[in-house]
Structure formats: structure tokens, C-alpha cells
Amino acid sequence: MNKSQIEKNLDELVKSIDKENFIYDLLMAYGISKTSVTRLKKGDFNLSKVEGEVLYKKKVLFKEVANDKLLTTIDDLTKSEEDLKHNPRFVIVTDYKTLLAKDIRTGVTLDTPIKDLNKRYDFFLPWAGQEKYQSKNENHADRKASYEMAKLYDILVHENPNIYDDGGHNLNIFLSRLLFCFFAEDTNIFPNEGMFTEAIAQHTKPDGSDTHLFLDRLFRILNTEDNSNEPDYLIAFPYVNGGLFRDDIHSPIFSSKARKIILECGDLDWSEINPDIFGSMIQAVVNDDYRSGLGMHYTSVPNIMKVIEPLFLNELREEFERSKGNVNKLRKLIYRISKIKIFDPACGSGNFLIIAYKELRRLEIEIIKEINTPDNAIIFDGSQSKIHFTKNGHQIVSNAPQAKMNFAGRQTEIWFTEIKLSQFYGIELDDFAHEMAILSLWLAEHQMNKIFVDELHDYGRAKPILPLKEAGNITEGNATRLDWKTVCPIDLDDEVYILGNPPYLGARLQDEEQKKDMSIVFNKINGYNNMDYIACWFYLGAKYIQDFNAKCALVSTNSICQGEQVALIWPNILNDEIEIDFAHQSFKWTNNAKGNAGVTVIIVGLRNKSSKQKYLYIDNIKKNVLNINSYLVEGNSTFVLQRSKPLSQIPEMCFGSMPNDGGHLSITIDEFKNLDDDYKKFVRPILGGQEFIKGIESYCLWIDNESVEEASKNRFILEKIKNVKVYRENSPRQATNVLSNYPHQFGEDRHKETESIIVPATSSEKRNYIPIGFLEKGIIIKNSAQAIYNAQPWVFGLVTSKMHMIWVKNIGGKLKTDYRYSAKLCYNTFPFPEISAKQKETINLHVFGVLDERAKHPSKTLAQLYDPEKMPMGLKEAHQELDLAIERCYRLKPFDSDTERLEYLFKMYEEMTQKNNLFQKEKKTKKAK
């Protein structure tokens, strides 16, 4: 059941609350079947024997109570082990004035007047199989640090003009080391707080002239095990190792201003900084051209969680919930987590890897806490090598290399994390980001070790971070040319998750190297040269996971699931072995960097074919679905292919006429006014999409073969024709050269001397409707618009309808962010039922209503009239009435959402194409006979 219907059901429920049936009505409002609710009401499914209480397994524990008992009752019920063993998702108590509820899985609570329950309909959406995504807040200290580092970077680059002579490698390593030292002095990696900044302040000159020499010396010390011969102020610095300080570099020259900024950076509290923000630091720090050329993307934590939760984290947490109370299962889960591999083949500075690492470490802590609860006590049996775990009277013997006596005569096992950085793999093209990914993982490990020890108290331990261990699973290179199974080895016993935010570049934006990447990845696959660059990662990801215990989830621009990209890309990915596991429909993807620019994206998860549940996220609502197609809609795996003729019984649409004239057949308003009256008959009004929408008056020469001699007698017209001839003769295209023989005509003439409907080829994504219109006979439609000649008004109504707009939005694709309208892809594929003359007449009346409302505003352009924030109410209502008339051609029951409309259209498209294909086969069979 969709959320619109649920909201309507609750509107009805709160109008007149039936106390005896309230909980049953509430369950049915969310789509629980009437049969199940009837059996619950009879007592067949009610596991509670307490009067006024309903316990429905995995659904709800409900109790009606007096007003003064609400808080104490819900507190008691949410702590009742006997009731909670039946896993009710919600606990609800009410006095029928106020309703209190708690989501047992998420811990979220609800306190609302019962009459306002319809306003909080989203709380119980899990009953309808729809989970609401919970965002996590971010640390604002991260942003401040990135801005300070940007200031330092800018001045160092300004004062060291040759700093990029080596491609920036020296600077990249320097900045990585600087960030490590800032972090280390504030997080107990270095023995004394603030010792790095203090050493610079006390042992370098105020003018900054020797700061680079001091840093070079310090960096060498950090890579030396024996510092006994150094001065006292340097001896305290520890041996770091791990490769971070291994290579000799030359620090940039500092001025007094640069030295002042580095000291200000050191004054920040770096213990509050998250390593996962380092990508944003790079975006704020690294040169814009250098960065954007490499397609690097840096991402906020809530957005990363949208990838990793459905990819693997939710399933691990569910297994944790199922394993509670069973120590053996909990230990097996820790072992499973310790063997998982996380692989980001476009890892940037490691954001996705770091968040995945942190979340797995947090889950491990929760599991260890569960193992060490009193019910899972560890009893010492007199031997240091064996420990007995007890649970409900059962004993489990386990080896315990380290144990500690507690006050009860029991022993507490000492725990170290089983999760290692070596489980995390990445590929990164950029040198700086590659260095940062390695560094950030080290720092994340240190942070999580501290949390591990703090939260596990007596039984949590962490090995010292120094000296650093090699974190050698981040490979520098081009992911489209490396063998992923060499970078991140996989065999049948492995569990691997691919994730990330690869670069997206349309075919026209790709440079020569990227085009070569595409040809290597899609060797001999037709159409690859028109695919988005990100298709490489989806294709290679699908190949990697096929036949293995692995999944892949990537962020992408939404264009790969729209328009012609769908038919180009997805048939090569989705096959008999691979399917979509989950997907987030379009949403704004933001990051933590300066400007915080957002782009509209999707998330697509791939898996080997399975009977397990699939999930579709729509506006952060999680919906259980049977299948997800390549347009990210629930339904069969359908590819909408371009058609030369309409699928439905509607008149043909064609491309407007193309001048191919170098602009020489165009006539300005002043040129038209100044032309001799005898020659004005050779001029026609002409409109393209933008001229029509913006109300721009324009003209062109329109001369047929019989009239060219007469028209050429005018010197102005003759000069225009000659210029067209020269333009076409000089074209590198042979077809255009041929057209130079007819310089008085448009290169492609599709005009018909009838009234017409103009449909702009592009329109702003902000508009709810593409502005279309009727044109009088004689007006030329040029190639920036589509034309329907001799069309009836009901066709206008169809093309401008909401149903058609939804199809265009999802099937037609985008030009940048604008709607792109194509006759072959949008119009000819649009499924529309055959309708009666009476239905056509009804639509005609609503079309005239729209045109009448437009006519009430003669001073406004269509761009102004169709601005969604300024659209006149009368015009908006006229369109809504037209929309309903069109929708009633499909079915009498109103649609509740755009998603439902699109699902209906896809289903109808499948039925019509199957019927059409069957008809074509029958025709061929008859011909053969």
C-alpha cells in the first residue's frame, strides 16, 4: 500500500475513533489484510491473555490504559522480556486522547494527540514494508578545519611558484604529513598534547624563513627509530613508520604569514575532526582545475550511509538481533565481520571506506557488549586455558588466551578488535587523494581504538597505533584499466562489498583518455561511445561480483537511468545472473566542501539473482518490492527503445525543419520591416523551442524552387542566398556540400501547410509542464522543437498532461538539468489507450480551458506563465482538470502518486509492445505463406 492511501485511511480513522476496534482499524489502515486482522480480533493471532491488550507477533504490542498510567505502562511494556520475545515492531499505549508508541527496532518514540495521528502516518510505515531513513548529524568542526587548511594551501602555492613542477607529488605528501601531525598531537598519538605546534612556535623564526628546514628535520625524525642524538625538544617525538614519513621531501618555503597560519591550524582541536572529512579538506584545498579534471567527489556521512546500510550493514545488524542470547552465533558473527572485504574502486580520499570501517567497528563493539552481559557470564573453572560461558543453564567451552578475575569470582575475557585495515581496498587515480586515503584509514583506526577501549571498559584493549603498520590495500591507478580481482582478490569463500561514488561524465565531456578507457572496458559493445563514463564502474562491478558472494552499490548521476542511456548501458549489466538489489530514486547529493554544491543522483545496488527481498527508496521511504527495473521503478525489467512510429493510436510527430545555413536565412525584425513589400511574401515567421517559450519574434527566408528566380532579384535576399552557398560549400560534411546546390532552401524541410502543435525540444526541469502550443498555418517550426501537423486539440491535451510529463521525465532523459524531448523516445513510445469520440471531446473542452486561461495574461510569456512559483491559479487549475481527464482515459480510480502513475505506464507499455510484436510476427507469417 502506498503512503498516500495510508494517509487517506488515517484521515478517515481519526474522524470517528471506535475504541473497541481502534488497533484493528489502525493495522488495516497500513495494509494488514482483513483476514489476518479478523483472526487477531478473534484471538487466533493474539498472543496476550491480558484484557485490553493485543500482542501480534512481529507487528505490535497494544494496551489501552488510563491517562495517568500512560508513561509507566509503556515503560513497563518495552522492558517486558516475555512480551518482547515475540518481536513486536511497535509498542503502543493509549487512553484514546493521547497515543504513545515506541519503535522497538530503532528506539524512536511517538507522543501525539490521537486525533493528530494522521499527521504522523510515517511513524508506522514499517507495517507497510516502508522504512524511513534516519539521517545522522555531522561535525561542524570539520568544515572549519578545511577552511583553515585552504588558507594555508593558497599562501604556500602563492609563495612557492614552482611547487607543481613535479605534478604536485611533493606538496601532496607534505600536506598529508602536516594533517597527521595536527591530528596526532591532539589525540594522544604523540605523547604530549600540542607538542607539534608548540615545537614550531618555539624553534622557528617569526619570519618563517627556517620553518621548512625545521619541518624537514622533524619529518626525518618521525621516520627514525633511534632519536637519542637529537635535542630534547625533538627526542619526545615517536617513531611513526608505516611509509608516511619514509621518503625524503622538501617542505615548501614559509613566510611569516604562512607560519602564522600553520600555528592557527595547530590551535584547532583536531580531536574533534573526523578522518572521513579529509576528502572535503582536499576539495577545499587542491586547485580547482586539478581536482575537477580528475572527477573527485567528496561526500557527507548521511549520504554514505544510504549506500552502506542497504548494501551490507542492515543485514549484519539483523543477524546481530537474531543472534542475541546465543554466544556461539555472536562469535561467529564477529568472525564473519573480520573476513568481510570492502572495496571502493574510485575511493578518492577514502570517505566510503572510512565510514564502512567505523560502522563495522561500532557493530563489533555492540556484539562484544552483548557477549559480556551478565546472562552470558564467564565462569573461571581453575584453568587459565578454558572458560565456560553460561546461557540459560547451558555451558559453552571456549579457549581464552587472556582473562581477568572480576569481583564475582568470574573471569572477564580481554578483547581486541578482529577488524583490520587490510580488509579495506581501494583504487584511486589521484596521487594526493591516494595518500590521504591511506592516512585517513590510519587515523580512523586510532579513533575507533579509543572508542573500543572507552566503551568496553574492563575488557576492551587496543594495540598501540605507533609504529604505523602498512595499510597497503589502496592502489594508485586507473580503475578502468586495472584488474579488480588483482587489486581485491576474491574466491568462493570470500564476502566482498563494492561501493563508492565514481566520476560521472557524459559522452561529450570525456577527454581522449577517458574515451579510450571506455573502449577498453566495453570492447566491441555497440553504443559505448554514447554512454556516461560511470557506466565503466557498473559494468566492471557486475563482472566482479558475478558467481561470487559479493554485492556492488554505487552512486551515479540519475541520467544513466533515463533516456537513451538505459538501453545503452543496462542490457550489458542486468542479465540472467545479475539484478538490482536496492535503489534510491533521485535525490540531492551534497558534500561538506566549500559551496556545498548538490547534484541530483541515484544509488543502485547490484547482486547475483536471489529470492531475497528487494528495496526501493523513494523520498527516503523504504519500500519492499518484487523487482526493480533499470528506470528504478517497481516492475519487470523493461527497456524502452526508440521507435520510428507511435506505439499508440496518435498522429505522427516530426523534428522541426533544420536551416543548416550558418544563420544566413534568418531575418531580423528590422530587416523584415525594411524589406520591399513585394518581397515580404518570401519571409515567414519561424519559432524554435526557446523562441516560443520566451515569446521572441523571429523570421526566416522561405523560398520554393519556383520562386527562387524572382526572390533573387532583391539584392538583400540574393546576398543572403550567396552566403548560405559559401557556408555549405565550406562545410567538412559531404551531405552539407550537396545542399549548396539549393542555397535558398532549408537543409531539412519538414514543414506542412497546416496548423500545427509545437513541442520545445528542451524545457527547464523546474516546470511542471512543458509549455506547448498551437501555431497558425504558415509558421515554420525549426529543429529546436518537435512538430505535430494537422493535429486535433485532444492531442495537445495528451502531450501537455501530467501522465505524459512523468513519462518524459523518466524516459526522455536530460540535457544538463533540462527536460529533453524526443519524438522517437518520448512521444512514439508513450502508451495511451484507444479512446472514444466522446472522450476526445471531453479532453478538447479542457484544452480550450487551458488556452483560455493563457489568453487572460497576454503580456506574459509562456516562460513566465509556467514558472511553478508564479503560475496563475486559474491556469494551474485548468491543467489539473485536464490531467484528470487524461488519467480517466487510463482508469476511473485516481492515481495516488507519480510513482503509481509511472508503474502503470510501464505495465501498459509492456502489454502494448508485446501485443505489437505478436501482430508483427503474424503479419510476417502470413506473408511467408
Side-chain angles (χ1 to χ4, degrees), residues 651-661 663 665-669 672 683-702 746 748-801 804-805 808-809 812 814-823 826-827 847-868 870-872 875-876 878-879 882:
E652 289 190 22
M653 175 185 283
C654 66
F655 209 36
S657 298
M658 182 184 290
N660 197 356
D661 63 341
L665 292 177
S666 297
I667 301 287
T668 67
I669 296 173
F672 176 65
V683 178
R684 293 282 189 94
I686 184 169
L687 291 173
Q690 293 309 301
E691 290 91 345
F692 174 70
I693 291 173
K694 296 176 181 177
I696 300 170
E697 188 177 352
S698 56
Y699 297 90
C700 69
L701 288 175
W702 194 259
F746 271 36
E748 296 176 20
D749 174 11
R750 300 182 183 88
H751 178 69
K752 295 180 181 178
E753 288 297 334
T754 68
E755 291 182 349
S756 58
I757 294 175
I758 181 172
V759 183
T762 59
S763 177
S764 169
E765 67 170 341
K766 295 179 181 178
R767 297 188 184 111
N768 295 320
Y769 304 93
I770 296 176
I772 70 170
F774 280 109
L775 299 182
E776 296 176 359
K777 177 182 176 180
I779 298 177
I780 309 301
I781 298 175
K782 69 178 180 181
N783 58 300
S784 58
Q786 310 285 344
I788 307 173
Y789 289 101
N790 201 26
Q792 296 177 30
W794 67 268
V795 180
F796 177 106
L798 172 66
V799 176
T800 197
S801 69
H804 190 57
M805 278 302 302
V808 171
K809 182 179 177 181
K814 299 285 183 71
L815 181 64
K816 295 184 179 177
T817 60
D818 291 342
Y819 295 123
R820 181 168 56 187
Y821 196 97
S822 156
C826 300
Y827 183 80
V847 169
F848 298 145
V850 169
L851 296 175
D852 287 344
E853 288 298 328
R854 287 186 186 179
K856 292 177 182 178
H857 308 276
S859 64
K860 291 188 176 181
T861 66
L862 289 175
Q864 294 168 326
L865 288 176
Y866 282 83
D867 182 333
K870 301 174 184 176
M871 192 175 190
L875 180 58
K876 187 180 293 185
H879 267 287
L882 174 59

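Just so it is clear, the structure is predicted and the values come from calculations on it, not from any experiment.
Between Ile757 and Val799, every side-chain heavy-atom pair lies at or beyond the 4.5 Å cut-off. Here the side chains of Asn783 and Glu748 are not in contact, with every heavy-atom distance at 4.5 Å or above. Inter-residue side-chain proximity for Phe796 and Ile772 is flagged as met; some heavy-atom pair is nearer than 4.5 Å. No side-chain heavy atom of Arg684 sits less than 4.5 Å from a side-chain heavy atom of Tyr699. When side chains are defined from C-beta on, Ile779 does not count as touching Ile758, because their heavy atoms never get closer than 4.5 Å. Side-chain contact between Pro659 and Ser666 is absent, with no heavy-atom pair separated by less than 4.5 Å. Annotation: side chain of Lys860 is not in contact with side chain of Lys870 (no heavy-atom distance under 4.5 Å). Side-chain contact between Phe746 and Asp661 is absent, with no heavy atoms from C-beta onward closer than 4.5 Å.
With sequence neighbours left out, the side-chain hydrogen bond (donor to acceptor under 3.5 Å, both in side chains) criterion links Tyr789 to no other residue. Every residue meeting the salt bridge (charged side-chain N to carboxylate O under 4.0 Å, His left out) condition with Glu652, not counting sequence neighbours, appears here in chain and number order: Lys645.
Judged by distance alone, with hydrogens and angles left aside, the side-chain atoms of Glu853 form no donor-acceptor pair with the main-chain N or O of Val850 at under 3.5 Å. A donor-acceptor pair is defined here as one N or O able to donate and one able to accept, closer than 3.5 Å; such a pair exists between the side chain of Ser698 and the backbone of Ile686. With Arg854 contributing its side chain and Leu875 its backbone, the two residues share no donor-acceptor pair below 3.5 Å. Formation of a donor-acceptor pair under 3.5 Å by the Arg750 side chain with backbone atoms of Gly656 is found in this model.
Ring pair His879/Tyr866 is perpendicular by interplanar angle, where above 60° counts as perpendicular and below 30° as parallel.
Contact record, Met653 with Ala823: SD-CB, 3.7 Å, taken as the closest heavy-atom pair. For the residue pair Pro793 and Val847, the shortest heavy atom distance occurs at O-CG2, 3.4 Å. In this structure, Ser784 and Gly688 approach most closely via the heavy-atom pair OG-CA, 3.1 Å. The nearest pair of heavy atoms linking Pro868 to Arg767 is CD-CA, 4.3 Å. Heavy-atom minimum distance, Gly689 versus Pro760: CA-CB, 3.7 Å. A pairwise comparison of heavy atoms in Lys777 and Glu753 identifies CE-O, 3.4 Å as the closest pair.
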Next item on the list: With side chain to side chain contact (heavy atoms under 4.5 Å, CB included) as the test, would you mind laying out the steps for Lys752 and Asn790 before giving the verdict?
Entry: CA-CA 9 Å; Lys752 295 180 181 178; Asn790 201 26; over 6 Å; no

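No more than 12 heavy atoms of other residues, nucleotides or ligands sit less than 6.0 Å from atom CD of Glu755.
For the side chain to side chain donor-acceptor pair (under 3.5 Å) with His804, the qualifying choice from Tyr821, Tyr827, Tyr769 is Tyr821, the only one to do so. Looking at Val683, Ile780, Leu665 one by one, the single match for side-chain contact (heavy atoms from CB on, under 4.5 Å) with Trp702 turns out to be Ile780.
The structure places NZ of Lys809 at 9.0 Å from CG of Asn768, a figure rounded to the nearest 0.5 Å. Taken from CD in Glu697 to OG1 in Thr668, the straight-line distance is 10.5 Å, to the nearest 0.5 Å. The CZ atom of Phe672 sits 11.0 Å away from atom CG of Leu701, with the distance rounded to the nearest 0.5 Å. Here OG of Ser756 is found 12.5 Å from CD of Gln786. Values are rounded to the nearest 0.5 Å. To the nearest 0.5 Å, the span separating CD1 on Ile693 from CG on Leu687 amounts to 11.0 Å.
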